[in-house]
There are 2 protein chains.
Amino acid sequence: MEIIADKKKAILESTLKLIKENGFHGTPMSQVAKKAGVAAGTIYHYFDSKDTLIMELYTYTQHRLLDAILANSHEGMDYKAQFFNYWISRCKFYIQNPDVLFFMEQFVNSPYYNRFSKEQDERFQKEVFQFIASGVERGILRPMNQRLMCIMIHSSAHSAAKVHLLDRVTLTDEELQQLAQMVWDGVKSN
Amino acid sequence: MEIIADKKKAILESTLKLIKENGFHGTPMSQVAKKAGVAAGTIYHYFDSKDTLIMELYTYTQHRLLDAILANSHEGMDYKAQFFNYWISRCKFYIQNPDVLFFMEQFVNSPYYNRFSKEQDERFQKEVFQFIASGVERGILRPMNQRLMCIMIHSSAHSAAKVHLLDRVTLTDEELQQLAQMVWDGVKSN
DNA sequence: CGCGACCGAATGAACGTTCAATAGAAAGAA
DNA sequence: TTCTTTCTATTGAACGTTCATTCGGTCGCG
């Protein structure tokens, strides 16, 4: 992973927070600059345009998410335990980083996402995808289109986190466990 | 339901399509006017501002969605059949109306949604919410926070439709059935 | 005539982006 | 070391464009 200059990181983080609060169109470059503590022109030293900034911000957040998930995964667990661990740590990451969640959701539902190569997106998800795929192949998970199953699992983690954040229903660890169980009961075979 | 003047409807439908293609900031009022076949000023005869237009567009799409779902529901089915029917018709509605799906997703993930009163949102979902709630009370569904369960079910329908639309994996009726089964296995009790 | 629907050019503010100027660090020459 | 040169990082005022919104006016109906 490349080393990110301090100011570049400040710009990314500021953009992230502002977009969560105000959305894409509610976030002028002037405000980003102000929050990051740099001049407007400086942003253009690091990014070609506002679009580029937003596109890079997406890969930046993908990195943060993936790092968090992989940091939590240990060798030698059985499949089910690893599934729970994986689902719950994804969910927790979103809860602890609401700005990432809301930015990502806005991004993937915007026209930006179309410009984003699907391959790049999938390279990130590779470990996770293979985990699911192996579950299907080994007959632990329901036989089904793997990409489809992958997305169903991810989206449930998103949704749970969003309930927690938007409806101010605090999800306890126990409830997270329950939710993971619910998802598991859906995808496991039999 | 109020009677919508032709031009008003044309404006709403045009906005819907343009936002799906270009997002909120990629959709100037001038373009909306052009697509709807009206003058720019006319929009302001029906809507106070662009924001108002978008807010009203949301309730307009909610209506369309709800009508489609309720049109499909018949009396006298047992709970499970009704669940399947409900989940699948929601999914199919999204697949047949991609612009509604993408607009709604953009909307609920944008700052607009915060300004939207939660009560209004829930009044729309009332029938559906009560259906889920009664399932929990009668012990057919897993004992769990009802709002949480409601959202988990909805989000799975969203996600399935999005796979169909974005990844160009055509979901057959059989696969939809499979998916509904998967969701059902997750939420049913035991 | 009066009124509401409708038009579209004009307005003015907001915003992304540029660029000439500055500061400072690194490198080289003496 | 000290002076000179070069290159990069940074600044923020200025520019040009885009866009939401306004408003004076037209049309057609009762």
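The figures that follow rest on heavy atoms only: side chains count, while hydrogens, waters and symmetry mates do not. By convention in this document, chain letters (A, B, ...) are assigned in the order of the sequence lines, proteins followed by strands, and residues within each chain are numbered from 1.
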Asker: Side chain of A/Pro28 only, please: which of C/dA9, D/dC19, C/dG16 is the nearest?
Answerer: C/dG16
Asker: When you measure from the side chain of A/Tyr46, which nucleotide among D/dT10, D/dT22, C/dG8 comes out closest?
Answerer: D/dT10
Asker: If you check every side-chain atom of A/Lys50, which of C/dG16, C/dC7, D/dT21 has the closest atom?
Answerer: C/dG16
Asker: Are the charged groups of B/Arg64 and B/Asp99 less than 4.0 angstrom apart, N to O?
Answerer: no
Asker: Looking at C/dC6, D/dT22, C/dT17, which one has an atom nearest to any side-chain atom of A/Met29?
Answerer: C/dT17
Asker: In this structure, how many angstroms lie between the P atom of D/dG25 and the OH atom of B/Tyr44, rounded?
Answerer: 22 Å
Asker: List the steps, then state whether ring-ring contact (aromatic ring centres under 6.0 Å, His included) holds for B/His164 with B/Tyr94.
Answerer: CA-CA 10 Å; B/His164 180 101; B/Tyr94 288 136; over 10 Å; no
Asker: Rounding to a whole Å, what distance do you find between B/Ile11:CD1 and D/dA20:P?
Answerer: 14 Å
Asker: Answer yes when A/Asp185 and B/Arg142 have at least one side-chain N-carboxylate O distance shorter than 4.0 Å, and no when they do not.
Answerer: yes
Asker: What's B/Thr52 touching, base or sugar-phosphate or nothing? Going by heavy atoms closer than 4.0 Å.
Answerer: nothing
Asker: Take atom NZ of B/Lys34 and atom C1' of D/dA20, then tell me their distance rounded to the nearest Å.
Answerer: 18 Å
Asker: Are any of B/Thr42's side-chain N or O atoms less than 4.0 Å away from OP1 or OP2 of C/dC7?
Answerer: yes
Asker: Any chance the side chains of A/Asp121 and A/Tyr113 put a donor and an acceptor closer than 3.5 Å?
Answerer: yes
Asker: To check you understand the geometry: which heavy-atom pair defines the closest contact between B/Ser159 and A/Met152, and what is its length?
Answerer: CB-SD, 4.2 Å
Asker: Within this structure, what is the CD1-to-P distance between A/Ile43 and C/dC19, rounded to whole angstrom?
Answerer: 17 Å
Asker: Rounded to whole Å, how long is the line connecting atom CG of A/Leu53 with atom C1' of C/dT17?
Answerer: 13 Å
Asker: Send over the distance from A/Asp48 CG to C/dT18 C1', rounded to a whole Å.
Answerer: 13 Å
Asker: Taking the nucleotide of DNA chain C with the nearest heavy atom to each, does A/Gly41 or A/His25 sit closer to the 5' end?
Answerer: A/His25
Asker: Starting at CD of B/Gln31 and ending at P of D/dC19, how long is that distance when rounded to a whole Å?
Answerer: 8 Å
Asker: Please determine, for the side chain of B/Lys7, which listed nucleotide (C/dC7, C/dG16, D/dA20) has the closest atom?
Answerer: C/dC7
Asker: With a cut-off of less than 4.0 Å, is there a side-chain N or O of A/His45 near OP1 or OP2 of D/dA9?
Answerer: yes
Asker: Closest approach to the side chain of B/Ser49, judged atom by atom: which nucleotide of D/dT11, D/dT21, C/dC7 is it?
Answerer: D/dT21
